[in-house]
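Presented below is the structure to which this report refers.
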There are 2 protein chains.
Amino acid sequence: MVGIVFSRWTTPILWVLNEHGRHRFVELERRITTITPKVLTERLRQLERDGLVVRTYHPEVPPRVEYEISELGRSLAPLFAALGEWSINLGKVEQARQDYDAREPVRSRRT
Amino acid sequence: MVGIVFSRWTTPILWVLNEHGRHRFVELERRITTITPKVLTERLRQLERDGLVVRTYHPEVPPRVEYEISELGRSLAPLFAALGEWSINLGKVEQARQDYDAREPVRSRRT
DNA sequence: CTGTATCCCGCAAGATACTG
DNA sequence: CAGTATCTTGCGGGATACAG
């Protein structure tokens, strides 16, 4: 259920469409540099089906397709804003991991 | 990166610890009824390592262990509040799916 | 009570190549 | 340009049994 919005790739896609408006397929590919076309297609289809993204097909040569965030997708804005603010704390998470990994493997379980 | 906080089980666990305070292992198990002990252990370890949850071991017989949300974990509260508010829209997502699935499988791709 | 140990499974995701 | 087709992999998660 939380996976509707938050997964490895749905969050970046929604974020970009929310912040920077309408995008063509290749534009999304360039902005989210490490995603592959296969995965981008799969996630876009899911988001379209869930009503969070609107896909517009322009029957031209060469073909042109545009993706934009829907009204329902826009309602996620406060959530993304909160996420953006919290991301300041990512460094603390990284620090916590290093501290945890530096502790004695066995004793740490009991104390 | 979003998986630090949002996954199938980390979100419910953090939510419970944030809303209802300190819990023992078995209390968490009961509150999150469908989770298995193995998975609960795995997610708690991850959250502990990430510094979002604090584990306290009481060397008694029988052993007692308590989990509570950390200071860093508390900083997620606004995010959870935003998530809670957005969840009103889950019905719209369900409706969008039904509409999508009801459309003609082939023509819908081109128009 | 608080976990571990195995074994298995599904599915998102990655690599690579190809098409209308 | 905007995808599809295949194949493979990694990892979270489920079932079940067992241990300190």
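Sequence lines set the chain letters: A, B, ... in the order given, protein chains first and strands last, and positions in each chain run from 1.
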Inset, instruction - Would you please name every residue forming a side chain to side chain donor-acceptor pair (under 3.5 Å) with A/Thr36, sequence neighbours left out? - result: none

Legend entry - For atom OH of A/Tyr57 and atom C1' of D/dA2, their distance in whole Å: 9 Å

Legend entry - Residue A/Pro37, side-chain heavy atoms: nucleotide from D/dT4, C/dT2, D/dG14 that is nearest: D/dT4

Inset, instruction - Provide the full list of salt bridge (Lys or Arg N to Asp or Glu O under 4.0 Å) pairs with a residue in residues 21-31 of chain A, sequence neighbours left out, each pair given once. - result: A/Arg22-A/Glu66, A/Arg22-A/Glu68

Dump the pairs, protein N or O against N or O of nucleotides 10-12 of chain C, anything under 3.5 Å, distances to one decimal.
none

Inset, instruction - Output the residues of residues 20-33 of chain A in contact with DNA chain C, where contact means a heavy atom of the residue under 4.0 Å from an atom of the strand; sort by number or write none. - result: none

Residues 74-83 of chain A, side-chain donor-acceptor partners within the protein, below 3.5 Å, at least two apart:
unit_1, atom_1, unit_2, atom_2, d
A/Ser75, OG, A/Leu72, O, 2.4
A/Ser75, OG, B/Trp86, NE1, 2.8

Inset, instruction - Kindly say if A/Tyr67 contacts the phosphate of D/dC1, meaning a side-chain N or O under 4.0 Å from OP1 or OP2. - result: no

Legend entry - Nearest-angstrom distance from the residue atom CZ of B/Arg45 to C1' of D/dG12: 17 Å

Legend entry - Test side chain to side chain contact (heavy atoms under 4.5 Å, CB included) applied to B/Glu71 - qualifying residues, sequence neighbours left out: none

Inset, instruction - Sequence neighbours left out, what passes side chain to side chain donor-acceptor pair (under 3.5 Å) with B/Glu85? Give chain and number order. - result: none

Inset, instruction - Would you mind listing every side-chain hydrogen bond (donor to acceptor under 3.5 Å, both in side chains) that reaches into residues 7-19 of chain A, with sequence neighbours excluded? - result: A/Ser7-A/Thr10

Legend entry - B/Val65: partners by side chain to side chain contact (heavy atoms under 4.5 Å, CB included), with sequence neighbours left out: B/Arg55, B/Tyr57, B/Tyr67

Legend entry - Residue pairs fulfilling ring-ring contact (aromatic ring centres under 6.0 Å, His included) with at least one residue in residues 16-56 of chain A, sequence neighbours excluded: none

Legend entry - Selection from C/dT4, C/dT2, D/dT4 that lies nearest to any side-chain heavy atom of B/Arg64: C/dT2

Legend entry - Under 4.0 Å protein heavy-atom contact, by nucleotide of nucleotides 5-10 of chain D - B base, S sugar-phosphate only: BB----

Legend entry - A/Lys92: side chain to side chain donor-acceptor pair (under 3.5 Å) partners, not counting sequence neighbours: A/Asn89

Legend entry - Closest-nucleotide ordering on DNA chain D, the 5'-leading residue of B/Thr34 and A/Pro63: A/Pro63

